[in-house]
2 protein chains.
Amino acid sequence: MTRDNRQQVGKRDTRRATSYDVARLAGVSQSAVSRVFKTGASASQKMRERVLAAANEIGYRPNAIARGLITKRSNMIGVVISRMTNLYYPELLVQLTQSFSDRGIRVLLFTLEHESEIDVVLEHTLQYQVDGIVTAAILDSAQLDMLDAAGIPVVLYNRQAKDAQAAAVCCDQEEGEAWLVSRLIEAGHQRFAIISGPEDSTVSTQRTSGALRRLSEFGVNEVTVVAGDYSHESGFRGALEIQELLGALPDAVIAANDAMAIGCIDAAREVLGAQVPEAVSVVGFDGIGAAEYAAYQLTTVRQPVARMTHATVDMLLQRIENPEIGHEQRIFQGTPVRGRSARLTEDGGT
Amino acid sequence: MTRDNRQQVGKRDTRRATSYDVARLAGVSQSAVSRVFKTGASASQKMRERVLAAANEIGYRPNAIARGLITKRSNMIGVVISRMTNLYYPELLVQLTQSFSDRGIRVLLFTLEHESEIDVVLEHTLQYQVDGIVTAAILDSAQLDMLDAAGIPVVLYNRQAKDAQAAAVCCDQEEGEAWLVSRLIEAGHQRFAIISGPEDSTVSTQRTSGALRRLSEFGVNEVTVVAGDYSHESGFRGALEIQELLGALPDAVIAANDAMAIGCIDAAREVLGAQVPEAVSVVGFDGIGAAEYAAYQLTTVRQPVARMTHATVDMLLQRIENPEIGHEQRIFQGTPVRGRSARLTEDGGT
DNA sequence: GTTAGACTTGCATTCGTTTGCAACGAGTTT
DNA sequence: AAACTCGTTGCAAACGAATGCAAGTCTAAC
C-alpha cells in the first residue's frame with residue numbers, strides 16, 4: 001500500500017478521499033457513508049453526525065462519476081448549439097444552464113461550427129452517458145433513431161425533425177412572420193425583400209415561407225429573397241445584395257433574425273445612405289438584447305425564451321423519468337414588438 | 001438473466017451494450033475489446049476487424065464514465081462563467097468549448113448569477129471529477145487552496161486571485177486604458193467620467209484604476225466615477241447618472257466595457273440629446289461584436305480572445321499533465337481600435 | 001418477560017472499464 | 001533443434017459508490 005502511494009507521488013500527490021476512507025475514520029461501514037450522503041436514505045442522527053464530521057475532516061466529496069456508473073444516471077444532459085454567432089443562442093444557453101442547474105443537473109456543452117459535425121458530437125454525448133439531450137441543431141431521422149435505440153431522450157429546440165417525430169419546443173415562426181407582414185402591409189408597404197437564414201435551417205425555412213405565404217395572401221408575389229447565415233455580417237451583405245439586385249431598396253426588408261436585421265440597418269444607413277425606417281422598414285425576429293439598443297429599436301417578434309426554456313427542461317426531465325412517454329410539440333407564440341425600425345400604423349392591433 | 005431483463009422493461013427497454021457483449025459476440029476477451037478501442041494499444045489487425053464488426057453490429061460505445069472511474073481522468077473540464085449579460089462571455093465560451101473539443105476534452109458549463117454562488121459550483125465541479133477548471137469568476141485564496149488540495153488545476157481567465165498566486169491568462173487592462181486615456185487627452189479632452197464595473201470585479205478595478213492613474217499622470221484628478229454592472233442597461237443608467245451629478249456631460253466617458261459604452265451612447269443620444277462623439281466621446285473595452293455595429297463603431301481595446309483562449313487551454317492541459325508545474329501569468333496586450341465613438345487626433349501613434 | 005415491529009447497520013455484489021501480469025505462439029538466431 | 005525474442009491475448013484485480021438482503025438494535029405492547 002505504502003509502496004503504491006510512493007509510485008503515485010509523481011502523478012498526483014494526494015489521492016482523493018473515498019467513502020471507505022470516511023468509513024474507516026468514522027468507524028462505520030462504507031455503505032453507511034453512502035447512505036448519509038444520499039438524501040432520503042435511512043441513517044440515524046448519530047451516524048449522520050459522525051460521518052459528516054469525518055467526511056469534513058478529510059475533505060470527502062462523493063464521486064459523481066462512480067455514482068453514475070452504478071445508478072445509470074449521470075445527471076448530466078448534453079446541450080448542442082450551432083452557430084453561436086447568432087446572438088440568440090447565448091441568451092438561451094444561460095437560461096438553460098441555470099434552469100437545469102436548479103434541478104440538480106449539469107450541462108455538458110457542445111458547440112457546432114458546421115451542422116455536419118453533429119454526428120461526432122452525438123457520439124460524444126452518448127459516450128459520456130448523458131441522461132438526455134437538448135439540441136438547437138437539426139437531427140435527421142437516422143440520428144433520432146440512433147438516440148432512441150440508445151434510450152436517450154431528446155428535445156429539439158426550435159427545430160422540426162425531418163421526416164420524423166420528436167419532442168420539440170418551438171416558437172411559432174410562421175405566426176410571428178404573419179404578424180410582421182400584416183403590420184407592414186397595413187402601413188402601406190408594397191415592395192418587399194427577405195434576408196433568409198441558411199438553407200439547412202428549418203427555422204429560417206419556416207420564417208421565410210411564413211412571410212412569403214402571408215405576403216401572397218395580400219397579393220404580393222414578387223419578393224426578392226437573399227440568403228444569409230444569421231450573422232450580423234451576413235445581414236449587412238444581404239442589404240447590399242438586395243440593393244444590387246433591385247437597383248434600389250424595397251419598402252421593407254424582412255430579416256430572418258435580429259442580428260441580420262441590425263446588419264441590414266447598418267448597411268442601409270452607412271453604405272446606402274438610406275434612413276431607417278423612413279426610407280426602408282426593417283424587421284427581424286427573436287427579440288435579442290441588441291434589438292433594444294436605441295440605435296435600432298427593432299420591430300420584431302420576441303421569443304418567450306424563459307417559458308420555452310422551462311418547457312424544454314420539463315419535457316426532457318419528464319422523458320428521462322419515463323422514457324415511454326410519447327412525442328409532444330409545444331409551440332409558443334412570440335411577443336410582437338412594435339419598435340421603431342419599421343413604419344407601422346398607430347394602433348395596429350396585436 | 002431473462003427475468004432480470006423483464007424487470008427492467010419499465011425503466012429502459014434496451015440495456016446499453018457493453019464491452020462484454022461485444023467480446024462474446026466476437027468470441028474474444030473483454031480486455032481485447034478494450035484494447036481495440038484504446039488508440040495505441042497492441043491488437044492485431046484480425047482482432048481489430050472482428051471486434052469493430054461486432055461492436056458495430058450491436059451499437060457498442062465505450063462508456064466514458066466507467067473509463068473515467070478507472071483512469072482517474074474524466075476528460076471533462078469545468079468552465080465557470082459569471083454575468084453572461086456581458087456580451088464578451090458568449091464569444092469566449094464558444095472559442096473555449098471549440099478549443100477544448102479539438103483536444104478531445106468536454107466542457108461542463110456552470111453559469112453564475114451572483115459570484116457568491118461560486119462555492120456551490122466548485123463543489124459540483126469537484127464531484128464530477130473534472131480534470132481542471134477555467135474560471136471567469138473570482139476565487140479567493142481559500143477556494144484556491146481547496147482546489148489545490150483536491151489536486152485540480154485552475155486557470156483564471158482575466159482574473160487575479162486575491163492575496164494568492166494562481167495560473168492566469170489576462171488581458172493587460174491597465175495598458176489598454178492607458179492607451180485610451182492618452183488618445184483622449186491628446187485630442188484635448190479635459191473633463192472625464194468613468195462608468196466602472198461591479199466592485200467585486202478585479203477586471204473593473206484594474207481598468208478603472210488604470211484609467212485614473214493615467215489621467216492623473218496628465219494632471220486630471222477630478223473624475224466622476226459611477227458604478228455599473230457590465231450590462232448595457234447599466235451603461236445607459238450610468239450616463240444619466242453622470243449627467244445628473246455633473247449637471248452636464250463631460251468631454252469623455254470611459255466605460256469599463258463595451259456593453260456599457262454602447263448603453264452610454266444610447267442614453268446620450270436618445271435621452272440627453274448629445275451627439276457622439278461630437279458632444280461627448282465614449283470609449284469601451286473588450287472589442288465585442290456589437291462594438292463594430294455601424295451605429296456605434298466603438299473606440300475600444302479589443303482583447304485577443306483567440307490567443308487568450310489558446311493560452312488558457314494550453315496552460316490548463318499542461319497543468320493537468322504535470323500538476324507540479326508552478327504558477328504562471330500570461331498577460332496579453334489588447335488591440336487598440338480607433339473607432340468613431342471618440343474624437344481622436346488623426347495620427348495618434350499605436 | 002416475551003415478542004412483534006420499525007429502524008439501523010453491515011456484508012457482499014454490481015456497474016463497465018483499464019491494465020499489470022503471465023501465457024502463448026510465431027519467427028529469428030545460434 | 002534449442003533458445004530467445006517480441007507482439008498478442010486472456011485473466012483477474014482494481015476504480016468508488018449504490019443497494020438488496022439479512023442481522024442487529026431498540027422500543028412498545030402484550
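Chain identifiers are assigned alphabetically (A, B, ...) following the order of the sequence lines, protein sequences preceding nucleic acid strands; residue numbering begins at 1 within each chain.
Using a 4.5 Å heavy-atom threshold, the side chains of A/Leu108 and B/Met76 count as touching.
For B/Arg307 and B/Asp314, the salt-bridge test fails: no basic side-chain N is under 4.0 Å from an acidic carboxylate O.
For the OP1/OP2 pair of C/dC11 and a distance below 4.0 Å, the side-chain nitrogens and oxygens of A/Ser31 include no atom meeting the criterion. Between B/Lys38 and C/dT19 there is a side-chain N or O to OP1 or OP2 distance below 4.0 Å. A sub-4.0 Å separation between OP1 or OP2 of C/dT9 and a side-chain N or O of A/Lys46 is absent. Residue A/Ser29 places no side-chain N or O under 4.0 Å from the OP1 or OP2 atom of C/dT9. Phosphate proximity of D/dA17 to A/Ser34: absent, as no side-chain N or O sits under 4.0 Å from OP1 or OP2. An OP1 or OP2 oxygen of D/dA17 is reached within less than 4.0 angstrom by a side-chain nitrogen or oxygen of A/Tyr60. The phosphate of D/dG16 has OP1 or OP2 within less than 4.0 Å of a side-chain N or O from B/Lys72.
When heavy atoms are screened at a 4.0 angstrom cut-off, A/Phe37 is found touching no nucleic acid atom at all. A/Arg61 comes within 4.0 angstrom of the backbone, heavy atoms only, and of no base. B/Val33 comes within 4.0 angstrom of nothing in the nucleic acid, heavy atoms only.
Remark: P of C/dT13 and CD of A/Gln30 are 14 Å apart, rounded to the nearest angstrom. Residue A/Ile65 contributes atom CD1, which lies 23 Å from atom P of C/dT14 at whole-angstrom precision. Taking atom CZ of residue B/Arg35 and atom C1' of nucleotide C/dT19, one finds them 7 Å apart after rounding to whole Å. To the nearest angstrom, C1' of D/dT19 lies 13 Å from CZ of A/Arg67. C/dG16 atom C1' lies 16 Å from atom CG of A/Leu126, rounded to whole Å. At whole-Å resolution of the value, CE in A/Met47 and C1' in D/dG24 are 14 Å apart. Rounded to an integer number of Å, the gap from A/Glu49 CD to C/dT9 P is 12 Å. Atom CD1 of B/Ile70 is separated from atom C1' of C/dT18 by 5 Å (rounded to the nearest Å).
Relative ring orientation between A/Tyr88 and A/Tyr157 is described as tilted, the plane-to-plane angle lying within the 30° to 60° band.
Looking at B/Gln318, B/Gln165, B/Arg319 one by one, the single match for side chain to side chain donor-acceptor pair (under 3.5 Å) with B/Glu328 turns out to be B/Arg319. Among B/His124, B/Gln129, B/Glu123, the single residue meeting the side chain to side chain donor-acceptor pair (under 3.5 Å) criterion with A/Arg61 is B/Glu123.
A donor and an acceptor atom never sit less than 3.5 Å apart when one is taken from the side chain of B/Thr71 and the other from the base of D/dC15.
For B/Leu69, counting side-chain heavy atoms from C-beta on, the closest listed nucleotide (D/dA12, D/dA17, D/dG16) is D/dG16.
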